[in-house]
Each structure stands twice: as structure tokens, then as C-alpha cells.
Amino acid sequence: MTGLVDRFGRVATDLRVSLTDRCNLRCTYCMPAEGLAWLPREEQLTDDEVGRLIRIGVELLGIAEVRLTGGEPLLRRGLLEIVAAAARLEPRPRLMLTTNGIGLERVAAGLREAGLDRINVSLDTLDPERFNRLTRRDRLDDVLRGLEAAASAGLTPVKINTVLMRGINEDEAPQLLKFALTYGYQLRFIEQMPLDAQHQWDRHTMVTADEILAALVPFDLQPDPVSRGTSPAETWLVPGHVDAAGEPARVGVIASVTRPFCGDCDRTRLTADGQIRNCLFATDESDLRKLLRAGASDPEIAEAWRTAMRGKRAGHGIDDPSFLQPARPMSAIGG
Ligand code: SAM
Ligand code: SF4
């Protein structure tokens, strides 16, 4: 089997699938208050089409890990069937999901039964008023209940994704870590990236990994002896704490902007309308939906996917003077 290898020798084995570009929150760093022009239904892949592309990825291209995301993936009607179909594949890929946690309380056990292995829940603040400001919705309690349900269902270790925003929640890193340690969740801070639909990201005001780590000095973080591998998160041990599985507690920072990890990237992305993107920051895409709907065979689709990945650039180039933010925002690419 020839996998997804690019010109720099990187091999993509981690597939991120966006199941929808729609969302029930409006995080300020992601989309405007009025939402976006959602994809028309006929442009969105059907459940069978998503399932077929995941199968081609796993059976013909060496995909070992599939992460379902969006938009908000829990809004996808066929979610449980998509998870179950992926869990039946051979070799069975590891199955993960990234969600804002709204409605997770209801579906966590079902997701686990369908075969989901792990979950990441996004949570930027523990303060209801700040949550409202950040997401433009009053839903903090739903997210907290979703987190508990995910842990009870065994979707562990439950990871929390946090974006810190200057002047809004930048001071909350220690409280969020204490909360995660108390409940056995694993917290990961993500540097804000230029992927907002409004194009308001500013390098000079984003909260950096160095600032986050400075705020966590009281926790006496220690270097993680476990190799980072291709993980985007740099992790540290938090002395004196264990997670829900009894493992040493960890905290992570995904410093895509100030400490880029493009050289180790193993990701390939499928959008909800069937486009392959070889990078979050790619400015072009390869249309697998057109091929699918024109009756292409599995090997033909696999070859188009390989071609799409060969053209991956060495890095995202955020710091290059010629950097151009991709036309699609994070919510439409799949974060
Ligand atoms: N709606 C789901 C959620 O919020 O978890 C899944 C999609 S969301 C785009 C995936 C992750 O991307 C979330 O953790 C979110 O905080 C993060 N994200 C969104 N916009 C971002 C940005 N501009 N910079 C960094 N992270 C961002
Ligand atoms: Fe929705 Fe996730 Fe974007 Fe927030 S970050 S608006 S939850 S897609």
C-alpha cells in the first residue's frame, strides 16, 4: 500500500473529517455573531460518501486515526452511524471527536457504544458571563454536563481544548488547570490562529505559549518523558496529580504560531463538502466529491488523494510577509 507521502517525506496517517460547517455557538475567534453562509445540503457529503472516503483512507492509504470535527459534529444527524461504520473497518482506526460539548450529555454513551475512543471538548472559561461573551450563547452548564457524561461513558482521557483571548479569559489558565486536575481531564491550550471568518486575528495581541507557561509556573510543570511524536501538543507533567486513568496528570500547549510543528505534521483533512486539504492553511483543495459522484473507483479516488498530499507545503508560513489566510475559516475546514 502506498500511503499519503509528501515531497518532504512526511506521511499522513491522521485524518480530520469535518462533518458539518454549522455550529450552535458563535465563538468570537471563530465566526461572526450572525453565523456564516452554510453549505447547501446537496454540496455536503452524504453519510455513505463520508463512510466511503474514510474507508478508502483506512484501507488504501494507511490512515490510522480519524478525528471527527466541524463546525459542530454533534449536529450531524448520521453521526453515530458514521462512527460505527468507521469502527468496523480493518485495520480499525482510532476514533476521536472534537466538540463544543453542547448536547454531549445525551450522546456520550451512544458514541462510546458506536466505537468512539476519545473526545476533546472545547471550553475556554468557567465563568458563565465570560462564556456568554466568548461564545455568544449562555450554555456553560451544558458543556460542563457534557464533560461529565463523556468521562462516565469512558471516552477517556477526556481532553479540554482552551483558546485564551487577550482581555477576555487570558487570566484564567490556572483556574482552568485546577478544574481539569480536579476532574481528571487533560487540558490543552491552543494558540489563537489566523483562521477566523472575520479576519481579525492579530499576531501582536494573541496570547502566546510563553505567556501561558508563565501563568502556570505555580504548578511546577515538569518535562514530559513520553516523546511527543507527531502530536501538535507539547506536554508537561503536573507533579502531585493523576488523571482519571491513574496516569500522571499532564497539561499541553499547542503553539501552532510561536512554536510551529509543521515538520512533524501527519494530518490530512476532508471538508464536509468533500474537499481534501493538505494543511489547515492550504489555499487550494482537491475535489473528491466530484470524483465520487462521477463514479470513480476506490483506487482512482485514492490516487487523487495521494496527489493532493504530495503538494503539501513545508510549513504554514504565518510569519512570511506573503502569508495569506485561507478563504475558508476554521469552522468550514474542520479544526
Ligand atoms: N465545534 C467544535 C469545537 O469547538 O470543539 C469543533 C470544531 S472547532 C473549529 C475545533 C477547535 O478549534 C476548538 O477547540 C476551537 O476552540 C478551535 N479553534 C477555532 N477557531 C480557532 C482559532 N482561530 N485559533 C485556534 N483555535 C481555534
Ligand atoms: Fe462553533 Fe467550534 Fe467555531 Fe466555537 S470553535 S464557533 S464551537 S465551530
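Fair warning: this is a prediction, and the values are worked out from it, not measured in the lab. In each ligand, atom 1 is the first atom listed, and ligand 1 is the first ligand listed.
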Looking only at protein heavy atoms, which one is nearest to [atom], and how far off is it?
| atom | answer |
| --- | --- |
| atom 12 (O) of ligand 1 | Met330 CE, 3.3 Å |
| atom 3 (Fe) of ligand 2 | Cys30 SG, 2.4 Å |
| atom 1 (Fe) of ligand 2 | Cys23 SG, 2.2 Å |

Legend entry - Presence of N, O or S from Cys27 under 2.8 Å of atom 3 (Fe) of ligand 2: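 Here the distance criterion (N, O or S atom, under 2.8 Å) is not met by Cys27, so no.
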Inset, instruction - Would you mind telling me if ligand 1 is within reach of the side chain of Thr99, the backbone, both or neither, using heavy atoms under 4.0 Å? - result: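 The backbone, only.
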Inset, instruction - Indicate, as side chain, backbone, both or neither, the part of Val163 found under 4.0 angstrom from ligand 1 when only non-hydrogen atoms are considered. - result: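 Side chain only.
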Heteroatom distance test ([X], ligand 1): nitrogen or oxygen, under 3.5 angstrom:
| X | value |
| --- | --- |
| Gly70 | no |
| Tyr29 | yes |
| Asp124 | no |
| Glu72 | yes |

Could you tell me whether [X] and [Y] have a side-chain N and a carboxylate O separated by less than 4.0 Å?
| X | Y | answer |
| --- | --- | --- |
| Asp171 | Arg130 | yes |
| Arg67 | Asp14 | no |
| Arg133 | Asp124 | no |
| Arg52 | Asp298 | yes |
| Arg306 | Glu303 | yes |
| Glu72 | Arg22 | no |
| Glu65 | Arg118 | no |

Legend entry - Aromatic ring pairing Tyr183/Phe179, orientation class (parallel under 30°, perpendicular over 60°, tilted between):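 Answer is tilted, since the angle falls between 30° and 60°.
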Considering only heavy atoms of [X], which atoms of ligand 1 have at least one such atom less than 4.0 Å away?
| X | value |
| --- | --- |
| Asn161 | 14 (O) |
| Thr69 | 6 (C), 7 (C) |
| Met193 | 22 (C), 23 (N), 24 (N), 25 (C) |

Legend entry - His316 side chain vs Ser256 backbone, donor-acceptor pair below 3.5 Å: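 It does hold such a pair.
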Inset, instruction - Look at atom 6 (C) of ligand 1 and find which of Ser122, Ser18, Gly71 reaches it with the closest heavy atom. - result: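 Of the listed residues, Gly71 has the closest heavy atom.
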